[in-house]
Amino acid sequence: MHTLNKNSLIKKSLIAISIIVSLSGCQETPTTGQVPAKTTVSSQTTAEQLQAKLDQFVDIEMQADLSTLTETDIQVLRKIIQVANILDKVYLRQTYEDNAKVRQQILNSKDPNQDKLLSLFDLHYGQWDTLEHDKPFFGDTVRPLGAGVYPVDLTKEEFNQWIKEHPEDEADFKSGYTVIKRQGDKLVAIPYSQYYKKEMEQSAKLMREAAAITQDPSLKTFLNKRADSFLTDEYRDSEMAWMDLNGSLEIAIGPYEVYTDKLFGYKTFFEAFITVRNPADSAKLDVYKKYLKQMELNLPIPDEHKNLNRGSESPISVVEQVAGGGDNKPAVQTTAFNLPNDEYVREVKGSKKVMLKNVLNAKYQAVMKPISDLIIADDQQALLMEEYFFNETLFHELAHGLGPGTITKNGQTTTVAQELQETYSKIEEGKADVMGAYNMLFLMDKGELPISERNNMLVTYFAGLFRSMRFGVHEAHGAGAAFQYNYFKEKQAFSFDPKTQKYSVNFDKMEKAVEELVHDICMIQALGEYEKAKSFLETYAVLADEVALLNKKMESIPTDIRPHYPKI
């Protein structure tokens with residue numbers, strides 16, 4: 001994440017509000033390239049096709065144990081859920097400025113499939129199928145790479161040229177907390193606190209009301225500091241405070257991930273995870289934290305590229321989710337997360353890993369187990385273990401806090417995310433997957449995980465790639481899974497029987513390939529090699545023919561869950 005250049009923002013603050021007002025009724029002027037075409041008011045998709053898209057998600061009534069919560073905790077939850085609902089609307093606008101208008105077009109249309117179109121729009125937070133390379137299911141608008149946080153006709157070349165000619169704007173333009181807009185023939189960066197002023201003020205008020213009633217000191221501090229952040233765009237202090245949360249409620253709320261910014265990967269998008277902590281399960285995982293430094297030292301890269309300066313704090317929190325908002329909600333559901341993303345905070349305090357246990361359990365039963373039954377060879381079926389589906393998710397999140405983060409390139413201090421730009425999310429998600437497997441093998445050598453379960457872990461890890469590849473290679477996790485699959489295929493780490501259409505893992509070759517892939521990815525990150533990252537993804541982050549065929553075979557298996565959380 002990037003902090004704002006406050007001096008230049010102060011200069012712009014007087015014009016920001018007038019810009020917002022003038023832009024609110026404007027339509028971006030399309031030119032060429034990625035620019036969206038005009039949205040039509042009818043769907044070219046049949047009722048059967050629309051229903052098939054909806055059927056990719058299975059409805060699940062989510063369970064969560066609230067018995068340990070006090071009445072005050074419940075009151076706090078209700079306040080924070082209100083904030084999540086506000087940020088949900090902000091996120092809808094962030095993903096595409098005209099989303100509200102498009103939804104109204106569907107409502108006003110005479111389309112016989114209106115109900116299905118509305119359900120899909122609400123599922124994907126827009127008119128594009130996020131599982132099908134963002135293909136529109138309503139109208140013919142091309143999804144802009146810059147979502148709703150850049151002008152729809154803005155190219156990378158124009159953005160970079162503007163910064164070249166106006167170097168004083170660079171910090172604001174690359175900030176994770178500004179929207180880029182046109183003002184005549186100029187580009188301007190408007191802080192989130194100004195562009196979404198009404199929503200930020202409402203959210204801050206509710207956060208302070210929740211802080212006033214909670215009896216949890218760490219939560220009180222976080223809520224107040226995050227309320228300040230909404231009004232100032234300065235998130236670092238509240239990220240520090242979030243790391244210290246240790247009560248019954250685990251609340252992550254604010255602008256975090258950059259996946260939706262496919263133009264540069266600079267801009268953060270609002271989301272909310274409202275969860276209840278399971279202290280007993282959290283305590284069981286504490287043993288892994290003491291190995292983080294050793295995991296870093298064990299990475300198969302030269303010592304000068306190992307990140308030994310990151311903070312040693314690394315809380316692991318097992319929770320049950322009770323509500324969500326924004327980037328947490330569309331389509332494929334998050335099973336765990338590792339925050340904050342601010343490299344400075346990671347250097348000083350580390351990062352926190354949060355495991356959404358009820359979401360993980362629901363996904364394993366509804367999606368992962370049926371896929372594994374379908375694609376793993378009969379003689380390796382017994383090796384599949386639900387425990388390693390959980391563990392791979394946990395170690396994936398741990399891996400986000402390991403490896404290159406802050407780096408030096410051309411004598412300048414920078415970050416991997418800054419250098420890899422829009423390739424970063426795909427590279428990082430695949431890295432976290434394979435490094436998770438690598439670190440589990442390391443802990444087996446240390447005796448913290450049973451070495452006798454090596455093959456169980458490798459088969460379960462491999463099977464999990466197929467669940468993620470169904471998301472599509474345009475999506476970060478899907479692309480990360482695809483490049484692992486193709487890399488392992490090149491290394492002959494598995495075999496595929498075209499007759500049975502099932503896979504067998506070659507355990508020794510798989511273990512070696514895991515180590516080699518960790519090395520290759522970490523070196524791209526350590527050297528900040530953007531062109532090499534692009535080339536790597538072009539070569540490996542593609543859907544293999546046999547996987548495409550298997551995806552067809554898996555159509556009867558849900559791609560993901562559609563959770564319905566209990567009313568608080």
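Within the 4.5 Å cutoff, the side chain of E257 has heavy atoms near those of the L339 side chain. The side-chain heavy atoms of Y540 and Q484, taken from C-beta on, include no pair separated by under 4.5 Å. Side chains of Q501 and E546 form no contact here, defined as non-hydrogen atoms less than 4.5 Å apart. Annotation: side chain of L66 is in contact with side chain of V322 (closest heavy-atom distance under 4.5 Å). No side-chain heavy atom of K552 sits under 4.5 Å from any side-chain heavy atom of L549. Looking at Y461 and V514, their side chains come closer than 4.5 Å, going by heavy atoms from C-beta outward. At a threshold of 4.5 Å between non-hydrogen side-chain atoms, the residues Q56 and E132 do not count as touching. With contacts defined as side-chain heavy-atom distances shorter than 4.5 Å, the pair L245/L219 qualifies.
The stretch residues 55-64 participates, sequence neighbours left out, in these salt bridge (charged side-chain N to carboxylate O under 4.0 Å, His left out) pairs: D59-R562. Legend: ring pair (Phe, Tyr, Trp, His ring centres under 6.0 Å) pairs involving residues 376-395, not counting sequence neighbours, sorted by first then second residue: Y288-F395, Y364-F389. Among residues at least two apart or in separate chains, there is no salt bridge (charged side-chain N to carboxylate O under 4.0 Å, His left out) pair with a member in residues 432-445.
To the nearest 0.5 Å, atom CG of residue L131 and atom CG of residue D560 are 8.0 Å apart. Atom CD1 of residue I427 and atom CG of residue L537 lie 4.0 Å apart, to the nearest 0.5 angstrom. Between the CD atom of Q321 and the CZ atom of F273 there is a distance of 6.5 Å, given to the nearest 0.5 Å. Expressed to the nearest 0.5 Å, how far CG of D134 lies from NE2 of H474 amounts to 4.5 Å. Within the model, atoms CG of D98 and CZ of R103 stand 15.5 Å from one another, a figure rounded to the nearest 0.5 Å. With rounding to the nearest 0.5 Å, the separation of CD1 in I106 from CZ in F121 is 5.5 Å.
Using a distance-only test at 3.5 Å, with no hydrogens or angles considered, a donor-acceptor pair links the side chain of Q380 to the main chain of V505. Judged purely by atom type and a 3.5 angstrom limit, E320 uses its side chain to pair as donor or acceptor with the backbone of D65. Looking only at distances, a side-chain donor or acceptor of Q114 sits under 3.5 Å from a matching main-chain atom of L107. Under a 3.5 Å cut-off, the side chain of N486 and the backbone N or O of A482 do form a donor-acceptor pair. Of the possible donor and acceptor atoms, none in the side chain of T460 sits under 3.5 Å from a partner among the backbone N and O of L384. Of the possible polar contacts, none joining the S317 side chain to the V354 backbone as a donor-acceptor pair under 3.5 Å is found. Of the possible polar contacts, none joining the D497 side chain to the K502 backbone as a donor-acceptor pair under 3.5 Å is found. In this structure, the side chain of S468 does not engage the main chain of L465 through any donor-acceptor pair within 3.5 Å. Checked by atom type and distance alone, the side chain of D88 never pairs as donor or acceptor with a backbone atom of G325 at under 3.5 Å. A distance-only check finds no donor-acceptor pair linking the side chain of N358 to the backbone of A64 [under 3.5 Å].
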Next item on the list: For side chain to side chain contact (heavy atoms under 4.5 Å, CB included), just list the numbers for N506 and Q492, CA-CA rounded to whole Å, side-chain angles, deciding distance to a tenth of an Å, and then say yes or no.
Entry: CA-CA 8 Å; N506 182 317; Q492 299 181 327; over 6 Å; no

Next item on the list: Determine, step by step, whether K289 and L398 satisfy the side chain to side chain contact (heavy atoms under 4.5 Å, CB included) criterion, reporting the C-alpha distance in whole Å, the side-chain angles of both residues, the deciding distance to 0.1 Å, and the verdict.
Entry: CA-CA 9 Å; K289 295 190 296 186; L398 288 170; 5.8 Å; no

Margin query: Quick one, V459 with M385, criterion side chain to side chain contact (heavy atoms under 4.5 Å, CB included). Give me CA distance, side-chain angles, the key distance, then yes/no.
Written below: CA-CA 9 Å; V459 170; M385 289 178 66; over 6 Å; no

Next item on the list: Determine, step by step, whether Y91 and D327 satisfy the side-chain hydrogen bond (donor to acceptor under 3.5 Å, both in side chains) criterion, reporting the C-alpha distance in whole Å, the side-chain angles of both residues, the deciding distance to 0.1 Å, and the verdict.
Entry: CA-CA 7 Å; Y91 174 76; D327 202 17; 3.0 Å; yes

Next item on the list: Under the salt bridge (charged side-chain N to carboxylate O under 4.0 Å, His left out) rule, what do D508 and K512 come out as? Steps first, then yes or no, please.
Entry: CA-CA 6 Å; D508 292 338; K512 187 171 187 296; over 6 Å; no

Note to self: With side chain to side chain contact (heavy atoms under 4.5 Å, CB included) as the criterion, how do E422 and L145 come out once you've worked through the C-alpha distance, each side chain's angles and the decisive distance to 0.1 Å?
What the structure shows: CA-CA 10 Å; E422 83 283 356; L145 297 180; over 6 Å; no

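The pair E239-R226 meets the salt-bridge criterion, with a side-chain N (NZ, NE, NH1 or NH2) lying under 4.0 Å from an Asp/Glu carboxylate O.
A search for salt bridge (Lys or Arg N to Asp or Glu O under 4.0 Å) contacts involving K491 returns E516, not counting sequence neighbours. Partners of K116 under the salt bridge (Lys or Arg N to Asp or Glu O under 4.0 Å) rule, at least two apart in sequence or in another chain, do not exist in this structure. Taking E511 as the reference, R454 meet the salt bridge (Lys or Arg N to Asp or Glu O under 4.0 Å) condition, with sequence neighbours excluded.
When each of F462, F507, F488 is tested with F494 by the rule ring pair (Phe, Tyr, Trp, His ring centres under 6.0 Å), just one qualifies, namely F462. Residue K363 is tested with V58, I561, L356 for a side chain to side chain contact (heavy atoms under 4.5 Å, CB included); the sole match is I561. H396 pairs in a side-chain hydrogen bond (donor to acceptor under 3.5 Å, both in side chains) with only one of the listed residues (K353, E429, K431), which is E429.
Across every non-hydrogen atom of Y438 and V518, the tightest pair is CB-CG2, 3.9 Å. Here the shortest heavy-atom pairing between P563 and Q333 reads CG-OE1, 3.5 Å. Nearest approach of Q94 to A147, heavy atoms of both residues: O-CB, 3.5 Å. In terms of heavy-atom proximity, E538 sits nearest to V542 at O-CG1, 3.7 Å. Across P255 and T268, no two heavy atoms sit closer than the pair CB-OG1, 3.2 Å. Taking each heavy atom of S504 and A377 in turn, the nearest pair found is OG-CB, 3.3 Å.
For F536 and F483, the gap between ring centers is short of 6.0 Å. In this structure, Y485 has its ring center closer than 6.0 angstrom to the ring center of F466.
Under the 3.5 Å distance criterion, with hydrogens and angles disregarded, a donor-acceptor pair is assigned to the side chains of T130 and H124.
Environment of CG in D545: sparse, with no more than 12 heavy atoms of neighbouring residues, nucleotides or ligands closer than 6.0 Å. By the neighbour-count criterion of 12 heavy atoms within 6.0 Å, atom CD of Q51 is densely surrounded, having more than that number from other residues, nucleotides or ligands. Annotation: K357, atom NZ; neighbour count of heavy atoms from other residues, nucleotides and ligands within 6.0 Å does not exceed 12.
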